Asker: 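Could you have a look at this structure, given as structure tokens, before my questions?
Here the structure is a predicted model, which means the values were calculated and not measured.
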Amino acid sequence: MSRTSQAILGCLMAVGSANGLGAHPDYSLHDVMRDVSISLRDATPTLTGSAVPKMATSYAGSLTETGGSGSYGSMHGHEVYDESSAMRVMAIVEDLPFNGTENRLNITTILASNASFLEISGRCQPLPDKDKFAPMWGWLKYAKQLGNMTIDNRPCNLYGLEVPTQNLTMSVCIDAVTGRVPVSFNISMPSYSADSIYGPDIHEGLTPSDKEMLKIPDRCSEKPPICDGGEASELDVFIFHPANQFDLDNENVADLRGDTAFICLDAISGHTAADAYQWVSRYTLQVWSGWGDYGECNRPSPHEPGECISFEDFAVGREASFGFKASAGQCSNNSDIGSWFSLPRDGMCQNDTQVLGVEGDGHCSWRVLEKVKTINGSCLLTDQGMLDSCISEATMPFVKTESVLLSAFTETDPSKGG
């Protein structure tokens, strides 16, 4: 499953996607609103006339994500919502639970009616077709007025909706002064959750700077070029994965330093069980090192085919851990913090004689030479102390902790870390 940060998903949660182990969602806010609409199709509105809140069709302001099933750290940013252009954009900063102020993800999610994109460290990638703009407030006529609240010294009127067929609850607290903009929004269901607080700067209508955010960057219109100087080379990689899932096509893997960072974040944040990560495997790959745009890959469930978010569907994708470099580290020296890789299905070699190279002329971009070893994840994290080491070190790169991971593969004696 995905080698990308669950923090990316936290951003997507707030503006349009959910669930899974990476930025590639298998259930989006668009899906939520669609299913709610279907469930309410024959329902009788509980509110009519002037009792139905008249939410603004465009608004913008600061936002803090206070909880949700996707985030790893605190999230804050700016949201622009505009029904006339059918767009919703959120620029988010997420602080990962590591030491150092540099450990922040800058993520912008752009949801439009005909195309949607995810930007990380200045790199833009397409979101799946189902992740599109969805009007937010049509469900309010079926809601109940639940009373009044005060959130951060701001009075608001609370409305809630339960949809038993979806095991879903939603609520919004609407600014009591204007009656037009949200102060808080909550949604909860088995496959999706988000809790958001809007700042006191939220305003109806859009300023010139808000409108600028609605412009889709030119870099979102085409695939980034592959890195220069590609050659056939061997690559030592690791992957934290569900039990008995060994398919690597449309998967994310990482070098030793990169996978140490990923495993530490996943374990520190308590996501490992929910992610169904049970085993860690080590592989030797042969790859064409003309790196392409990294793809965040995910499987809707552990043994379904993987899918990736990327413009690239042939070259091996590459980025620095968490994308913490310019252009996410596609072509840079990432030895200081590690690299993550994506293995597109269309680039996989179909036989031992197929030649590695750039796309075309019957080339392929990667093949598995050897599955070196698979270990038990709970043994690694608990018995060999990797989780404690992650918590103690709490700083990228996890130099001490990566030795714990390496020993688990090189040693056979448990007393020596095997």
Asker: Under the criterion side-chain contact (heavy atoms from CB on, under 4.5 Å), I'd like the reasoning laid out for Leu285 against Leu248: C-alpha separation, chi angles, the key distance, then a yes or no.
Answerer: CA-CA 10 Å; Leu285 307 181; Leu248 290 187; 4.1 Å; yes

Asker: Is a side-chain N or O of Ser342 found less than 3.5 angstrom from the main chain of Gly295, in a donor-acceptor match?
Answerer: yes

Asker: To the nearest 0.5 Å, what is the distance between CG (Asp247) and CG (Leu343)?
Answerer: 11.5 Å

Asker: Test Trp366 against Phe341 for ring-ring contact (aromatic ring centres under 6.0 Å, His included), laying out the working first.
Answerer: CA-CA 11 Å; Trp366 66 277; Phe341 304 91; over 10 Å; no

Asker: With distance as the sole criterion, is a donor-acceptor pair present between the side chains of Tyr198 and Asp175 under 3.5 Å?
Answerer: no

Asker: Rounded at 0.5 Å granularity, tell me how far NE2 in His203 sits from CG in Asp201.
Answerer: 7.5 Å

Asker: Provide the closest heavy-atom pair for Ile268 versus Leu387 in the form atom of the first, atom of the second, distance.
Answerer: N-CD1, 4.0 Å

Asker: Side-chain contact test, heavy atoms from C-beta onward, threshold under 4.5 Å: evaluate it for Met75 versus Val93 and give yes or no.
Answerer: no

Asker: Within the supplied structure, the quantity of interest is the number of heavy atoms (other residues, nucleotides, ligands) at a distance under 6.0 Å from Lys141 NZ; does it exceed 12?
Answerer: no

Asker: Using atom types as modelled and distance alone, determine if a side-chain donor or acceptor of Lys373 lies under 3.5 Å from a backbone N or O of Ala408.
Answerer: yes

Asker: At their closest point, which heavy atom of Ala243 faces which heavy atom of Gln278, and how far apart are they?
Answerer: CB-OE1, 3.4 Å

Asker: Go through the steps for Glu234 and Arg367 under the test salt bridge (Lys or Arg N to Asp or Glu O under 4.0 Å), then give the verdict.
Answerer: CA-CA 10 Å; Glu234 289 192 8; Arg367 61 165 54 92; over 6 Å; no

Asker: Could you report the tightest heavy-atom contact between Ser196 and Glu65, atom names first, then the distance?
Answerer: OG-OE1, 2.8 Å

Asker: What residues form a ring-ring contact (aromatic ring centres under 6.0 Å, His included) with Tyr59, not counting sequence neighbours?
Answerer: Tyr81

Asker: Looking only at the aromatic ring of each residue, does the gap between the centers of Trp279 and Phe240 stay below 6.0 angstrom?
Answerer: no

Asker: Okay, side chain of Ser171, backbone of Gly160: is any donor-acceptor separation there less than 3.5 Å?
Answerer: no

Asker: Any idea which heavy atoms bring Gly329 and Arg318 closest together, and the distance?
Answerer: O-NH1, 3.2 Å

Asker: Are Ser221 and Asp218 linked by a side-chain donor-acceptor pair shorter than 3.5 Å?
Answerer: no

Asker: Could you please spell out the steps behind the side-chain contact (heavy atoms from CB on, under 4.5 Å) verdict for Val287 and Ser365?
Answerer: CA-CA 6 Å; Val287 301; Ser365 64; over 6 Å; no

Asker: Donor-acceptor check, side chain of Gln245 to backbone of His241, threshold 3.5 angstrom: yes or no?
Answerer: no

Asker: Take the angle between the ring planes of Trp139 and Phe185 and call it parallel below 30°, perpendicular above 60°, tilted in between.
Answerer: tilted

Asker: Please say whether the positively charged group of Lys371, taken as NZ for Lys or CZ for Arg, lies over the ring of Phe246, i.e. under 6.0 angstrom from the six-membered ring centre and within 45 degrees of the axis.
Answerer: yes

Asker: Is the shortest side-chain heavy-atom distance between Asp236 and Leu256 below 4.5 Å?
Answerer: no

Asker: Is a side-chain donor or acceptor of Glu370 paired with a backbone partner of Tyr283 at a separation under 3.5 angstrom?
Answerer: no

Asker: Measuring only between side-chain heavy atoms, which start at C-beta, is Phe324 closer than 4.5 Å to Ile337?
Answerer: yes

Asker: Between the side chains of Lys144 and Glu162, is the shortest nitrogen-to-carboxylate-oxygen separation below 4.0 Å, so that they form an ion pair?
Answerer: no

Asker: Tell me the closest heavy-atom pair linking His78 and Ala60, and the distance in Å.
Answerer: NE2-CB, 4.0 Å

Asker: Donor-acceptor pair, Glu94 side chain versus Asn106 backbone, under 3.5 Å?
Answerer: no

Asker: I'd like to check Leu406 versus Arg282 (side-chain heavy atoms, cut-off strictly below 4.5 Å). Are they in contact?
Answerer: yes

Asker: Do Leu118 and Ile107 make a side-chain contact, defined as non-hydrogen atoms from C-beta onward lying under 4.5 Å apart?
Answerer: yes

Asker: When the aromatic ring centroids of Phe238 and Phe409 are compared, is their separation below 6.0 Å?
Answerer: yes

Asker: Which pair of heavy atoms, one from His363 and one from Val358, lies closest together, and at what distance?
Answerer: ND1-O, 2.8 Å

Asker: Looking at Gly418, is its backbone amide N or carbonyl O close enough to the side chain of Gln384 to form a donor-acceptor pair, meaning the two atoms are under 3.5 Å apart?
Answerer: yes

Asker: Indicate yes or no for a side-chain donor-acceptor contact from Asp293 to the backbone of Ser310 under 3.5 Å, with no hydrogens or angles considered.
Answerer: no

Asker: When you measure from the side chain of Glu307 to the backbone of Asn298, do you find a donor-acceptor pair of N or O atoms at a distance under 3.5 Å?
Answerer: no

Asker: Look up atom CD1 in Ile263 and atom CZ in Phe398, then write down how far apart they are to the nearest 0.5 Å.
Answerer: 11.0 Å

Asker: Any side-chain heavy atom of Cys390 within less than 4.5 Å of one from Glu393?
Answerer: no

Asker: Can you list every salt bridge (charged side-chain N to carboxylate O under 4.0 Å, His left out) pair that touches residues 325-343, not counting sequence neighbours?
Answerer: Lys325-Asp336

Asker: As an exercise, state the distance from NZ of Lys215 to OG of Ser85, rounded to the nearest 0.5 Å.
Answerer: 12.5 Å

Asker: Not counting sequence neighbours, which residues clear side-chain hydrogen bond (donor to acceptor under 3.5 Å, both in side chains) with Asp413? List them please.
Answerer: Ser415

Asker: Please check: side-chain N/O of Asp249 versus main-chain N/O of Arg345, any donor-acceptor pairing under 3.5 Å?
Answerer: no

Asker: Run the side-chain contact (heavy atoms from CB on, under 4.5 Å) check on Leu214 and Asp82 step by step: do they pass?
Answerer: CA-CA 9 Å; Leu214 296 179; Asp82 184 41; 4.0 Å; yes

Asker: Given the rule in the side-chain contact (heavy atoms from CB on, under 4.5 Å) test, do Ser378 and Asp383 qualify, once you have shown the distances and angles that lead to the verdict?
Answerer: CA-CA 7 Å; Ser378 62; Asp383 298 346; over 6 Å; no

Asker: Is any side-chain heavy atom of Ile226 less than 4.5 Å from a side-chain heavy atom of Trp291?
Answerer: no

Asker: A side-chain contact here means heavy atoms from C-beta on lying under 4.5 Å apart; do Pro182 and Val172 qualify?
Answerer: yes

Asker: Counting only heavy atoms not in Lys211, do more than 12 fall under 6.0 Å of its NZ?
Answerer: no

Asker: Working to the nearest 0.5 Å, report the span between OG1 of Thr207 and CD of Glu212.
Answerer: 9.5 Å

Asker: Let me confirm one number: the CG-CG distance from Asn376 to Leu381, rounded to the nearest 0.5 Å.
Answerer: 9.0 Å

Asker: Using the salt bridge (Lys or Arg N to Asp or Glu O under 4.0 Å) rule, take Arg180 and Glu204 through it: C-alpha gap first, then chi angles, then the decisive distance, then the call.
Answerer: CA-CA 7 Å; Arg180 301 277 289 170; Glu204 183 174 358; 2.6 Å; yes

